[in-house]
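Just follow the structure's listing: the first ligand is 1, and inside any ligand the first atom is 1. Along the sequence shown, residues are numbered consecutively beginning with 1.
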Amino acid sequence: MTRIIVVTSGKGGVGKTTCTANLGMALAKGDRRVVVIDADFGLRNLDLLLGLENRIVYTAMDVLAKQCRLDQALVKDKRQPNLALLPAAQNRSKEAITPEQMKVLVEALEPHYDYILIDSPAGIEMGFRNAIAAAKEAIIVTTPEISAVRDADRVIGLLEANDIKRLHLVVNRLKPAMVQADMMMSVQDVQDILAIPLLGVIPDDERVIVSTNRGEPLVLEQKLSLAGLAFANIAQRLRGDKVPFLDLSAPHDDLFSRLRRMFRG
Ligand code: ADP
Ligand code: MG
């Protein structure tokens, strides 16, 4: 059974594309066949995050217009043969495909993949409905800020109204020190408001921005950083494995405190 999952949010800029790229790569590394669909019309950048922007020849629009075959539009990842990108969005063009067309595309992909991840625009934007049309599950990404959480809550309502009932929460850009100082919502606060199962928490980390700029998802790192590990764990939980949540309050860059904790047991 192919899992068809839309990655979405209420507010823009909270980390949907980052999440899609890292989860897609992590699942592919774990021997799953994965296709990531860029359905964020107007803000296309999944190709950039994967470093595949120069390899795009056709998009889903060309497939639908019968200008090329579906397999011609699929861009194989350079590093990971199990991962492919379907560019659905065209730069700066707001003319999105219809929900029906999205379903046609996903149905054609289904026999060939274990996971179809759809990177969508935020819930308030045009194109959101097309992006969610074919999905059976949703990952809702939010940052721990009131405005983002409130908008996420609205999107959860929209998803449920569209019969997408299997929902997963990802809290991104958590700053543990700020939470401890009572200056930021805690993960528990977010969960209390949204009341959907937590898939994982990603710390705020400059390495995420660096990896974005390089087109190399963090989960490709030789030695995973805490944020990279958080993404890898999220992929595993998505697969159904029980993985304990990371203690993000631990000072992860400090070798000595890590050793001290190890010796304390
Ligand atoms: P969206 O797709 O929701 O618009 P993006 O994935 O494009 O969001 O992320 C928006 C910006 O936030 C990017 O510059 C990205 O590098 C940055 N970002 C995302 N997650 C993190 C994080 N955990 N720590 C630091 N920066 C992040
Ligand atoms: Mg995006």
Task: Under 3.5 Å side-chain donor-acceptor pair for D119 and T17 - done: yes
TODO: Examine the side chains of E145 and T143 and answer whether a donor and an acceptor come within less than 3.5 Å of each other.
DONE: yes
Can you tell me the protein heavy atom closest to [atom] and the distance?
atom	result
atom 21 (C) of ligand 1	V208 CG1, 3.4 Å
atom 20 (N) of ligand 1	N172 ND2, 2.9 Å
atom 6 (O) of ligand 1	T18 OG1, 2.5 Å

Open item on the list: I'd like to check atom 25 (C) of ligand 1 in this structure: does the protein have a heavy atom lying under 4.0 Å from it?
Closed with: yes
Open item on the list: Under 4.0 Å and counting heavy atoms only, is there anything from the protein next to atom 14 (O) of ligand 1?
Closed with: no
With atoms numbered from 1 as shown, which atoms in ligand 1 lie under 4.0 angstrom from a non-hydrogen atom of [X]?
X	result
I202	23 (N)
K16	1 (P), 2 (O), 3 (O), 4 (O), 6 (O), 8 (O)
G13	1 (P), 3 (O), 4 (O), 8 (O), 10 (C)
G15	1 (P), 3 (O), 5 (P), 6 (O), 8 (O), 9 (O)

Open item on the list: Using modelled atom types and a 3.5 Å cut-off, is there a donor and acceptor pairing between side-chain atoms of N162 and backbone atoms of I164?
Closed with: no
Task: D62 side-chain N/O to Q67 backbone N/O, donor-acceptor pair under 3.5 Å - done: no
Using a plain distance cutoff, I'd like to know if [X] has any nitrogen or oxygen under 3.5 Å from a nitrogen or oxygen of ligand 1.
X	result
V14	yes
R173	yes
P203	yes
T212	yes

TODO: May I ask you to check if R3 and Y113 form a cation-pi contact, with NZ or CZ under 6.0 angstrom from the six-membered ring centre and within 45° of the axis?
DONE: no
Open item on the list: In the structure I gave you, are the side-chain heavy atoms of L159 and F128 within less than 4.5 Å of one another anywhere?
Closed with: yes
Open item on the list: At a cut-off of 2.8 Å, what protein N/O/S atoms sit near the Mg ion (ligand 2)?
Closed with: T17 OG1
Open item on the list: My understanding is that a hydrophobic cluster links ILVMFWY residues whose side chain heavy atoms are under 4.5 Å apart, including indirect links. Using that, what else belongs to the cluster containing Y58?
Closed with: V57
